[in-house]
Amino acid sequence: MNVSTQEKRRRFRALHESGLLILPNPWDIGGAKRLERLGAQAIASSSAAFAWSKGLEDFEVGRDALLAHLRELAASTNLPLNADFENGFADEPEQVAENVRLAIETGIAGLSIEDRHGDELYELELAVARIQAAKQAIIDSGEDVLLIGRSEGLLIDALDLGQTITRLKAFAQAGADVVYAPGLRELDDIAQVVQALAPTPLNVLLIHPGLNVPDLAAIGVRRVSTGSQLALATWNRFEEASLQLLEQGHLPATQAHRRWS
């Protein structure tokens with residue numbers, strides 16, 4: 001049975017009301033369908049993983065190509081889809097709002113807007129205005145789409161923890177339903193953010209090997225995502241097997257292909 005877009009969006013919001021949501025990031029239809037069969041409750045796109053699948057680097061995929069990708073992913077599964085929408089593909093709030101409107105039309109259940117352009121951050125006032133514009137576009141659409149305010153300062157070593165918390169608070173006040181600061185690595189730091197932003201849910205990127213779901217759930221994290229990590233694991237295995245073939249003349253032993261019922 002196909003689930004309607006409105007029902008996906010309702011489910012996605014409900015998944016943020018309690019507990020911890022694990023949000024894997026596939027980059028194609030096959031990955032989305034497998035995650036659904038494996039029991040995932042929702043999925044998220046990854047701009048980097050999708051770019052790599054096209055032979056590009058992160059941030060090299062254009063807006064229209066990403067919109068087509070989101071439309072394809074959303075239509076391929078009954079799971080709610082959260083969009084990695086980079087910086088909204090614009091600097092000015094008005095254009096961010098227009099691009100968010102286009103993203104909503106693809107069938108997504110949520111989307112993130114970053115405060116970064118290239119290797120720099122937007123000034124806080126502009127970053128907040130961009131979140132406000134994205135939120136207004138969602139309100140104007142009449143659709144129940146979650147907005148994730150994302151600060152990149154820790155990831156590019158541009159902000160400290162206190163400055164990051166200040167930004168995330170401003171994004172929540174501007175209308176973000178969820179906040180996200182990729183680059184958080186230590187449980188103590190994550191706990192500070194959770195406490196400072198409560199009751200707004202915090203998304204944590206599982207980028208550090210020391211982080212795990214039970215520990216994050218215990219300190220109040222409400223959502224974890226994998227970003228490009230699943231893609232990196234896949235590409236690393238692909239390269240290892242390819243090098244073994246090219247250098248040693250054979251493929252590594254593998255388990256029998258799993259058949260899906």
Side-chain angles (χ1 to χ4, degrees), residues 23-35 43-77 81-92 95-96 98-100 102-103 106 108 110-123 126-127 130-131 134 148-159 164 167 180-185 203-209 211 224-247:
L23 199 61
N25 297 69
W27 56 95
D28 59 15
I29 290 175
K33 288 184 175 295
R34 282 182 177 244
L35 284 165
I43 56 173
S45 68
S46 165
S47 62
F50 177 60
W52 298 336
S53 76
K54 298 298 182 182
L56 303 171
E57 294 300 321
D58 199 9
F59 306 115
E60 289 184 353
V61 174
R63 182 200 68 178
D64 291 348
L66 185 62
L67 288 171
H69 171 59
L70 295 176
R71 185 174 292 105
E72 182 179 63
L73 272 187
S76 73
T77 176
L81 171 65
N82 190 100
D84 175 353
F85 206 53
E86 300 185 10
N87 72 337
F89 293 90
D91 295 323
E92 295 305 316
Q95 189 58 53
V96 170
E98 172 60 17
N99 292 341
V100 167
L102 294 173
T106 68
I108 59 172
L111 82 165
S112 61
I113 297 293
E114 301 172 6
D115 61 352
R116 170 186 177 185
H117 56 114
D119 294 326
E120 298 182 357
L121 298 180
Y122 294 107
E123 294 296 329
L126 177 56
R130 288 160 41 80
I131 294 293
I148 294 83
R150 174 169 165 165
S151 181
E152 302 281 288
L154 293 174
L155 200 61
I156 63 174
D157 295 323
L159 299 178
T164 297
R167 285 207 167 212
Y180 179 20
L184 286 169
R185 296 173 178 268
N203 183 96
V204 171
L205 177 64
L206 288 176
I207 195 171
H208 192 279
L211 297 178
V224 298
S225 57
T226 62
S228 61
Q229 297 305 297
L230 290 178
L232 281 172
T234 302
W235 282 110
N236 286 341
R237 184 59 177 154
F238 175 88
E239 291 184 4
E240 289 170 5
S242 298
L243 284 173
Q244 190 165 334
L245 172 64
L246 295 171
E247 296 176 355

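These figures come from a predicted structure and were not determined experimentally.
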What's the separation between atom [atom1] in [X] and atom [atom2] in [Y], rounded to the nearest 0.5 Å?
X: E239; Y: L246; atom1: CD; atom2: CG; value: 11.0 Å
X: D58; Y: F50; atom1: CG; atom2: CZ; value: 11.5 Å
X: I207; Y: L232; atom1: CD1; atom2: CG; value: 8.5 Å
X: L73; Y: L81; atom1: CG; atom2: CG; value: 5.5 Å
X: L205; Y: R185; atom1: CG; atom2: CZ; value: 8.5 Å
X: W235; Y: S242; atom1: CH2; atom2: OG; value: 9.0 Å

Side-chain heavy-atom pair I148, N82 within 4.5 angstrom cut-off: yes

Going by heavy atoms in the side chains, are D28 and S53 under 4.5 Å from each other? no

Hey, does the side chain of K33 reach the backbone of S76 with a donor-acceptor pair shorter than 3.5 angstrom? yes

Just by modelled atom types, is the Q244 backbone N or O under 3.5 Å from a matching donor or acceptor in the E247 side chain? no

Using only heavy-atom distances, determine whether the side chains of [X] and [Y] contain a donor-acceptor pair under 3.5 Å.
X: Q95; Y: N99; result: yes
X: N87; Y: R116; result: no
X: S225; Y: N25; result: no
X: D84; Y: S46; result: no

For a side-chain contact (heavy atoms from CB on, under 4.5 Å) check, start with the C-alpha distance between T106 and H69, then their side-chain angles and the critical distance, and finish with the verdict. CA-CA 9 Å; T106 68; H69 171 59; over 6 Å; no

Taking atom CG as the centre, does N236 end up with more than 12 heavy-atom neighbours from other residues, nucleotides or ligands that are less than 6.0 angstrom away? yes

Closest non-hydrogen atom pair, G149 against I131: CA-CD1, 3.9 Å

Looking only at heavy atoms, the pair that brings Q229 and L206 closest together is CG-O, 3.7 Å

Report the residue from R130, R167, R150 that forms a salt bridge (charged side-chain N to carboxylate O under 4.0 Å, His left out) with E114. R150

Can F89 and L66 be said to form a side-chain contact (heavy atoms from CB on, under 4.5 Å), step by step? CA-CA 10 Å; F89 293 90; L66 185 62; 3.3 Å; yes

side-chain contact (heavy atoms from CB on, under 4.5 Å) partner of S45, the single match among I108, L111, L70: L70

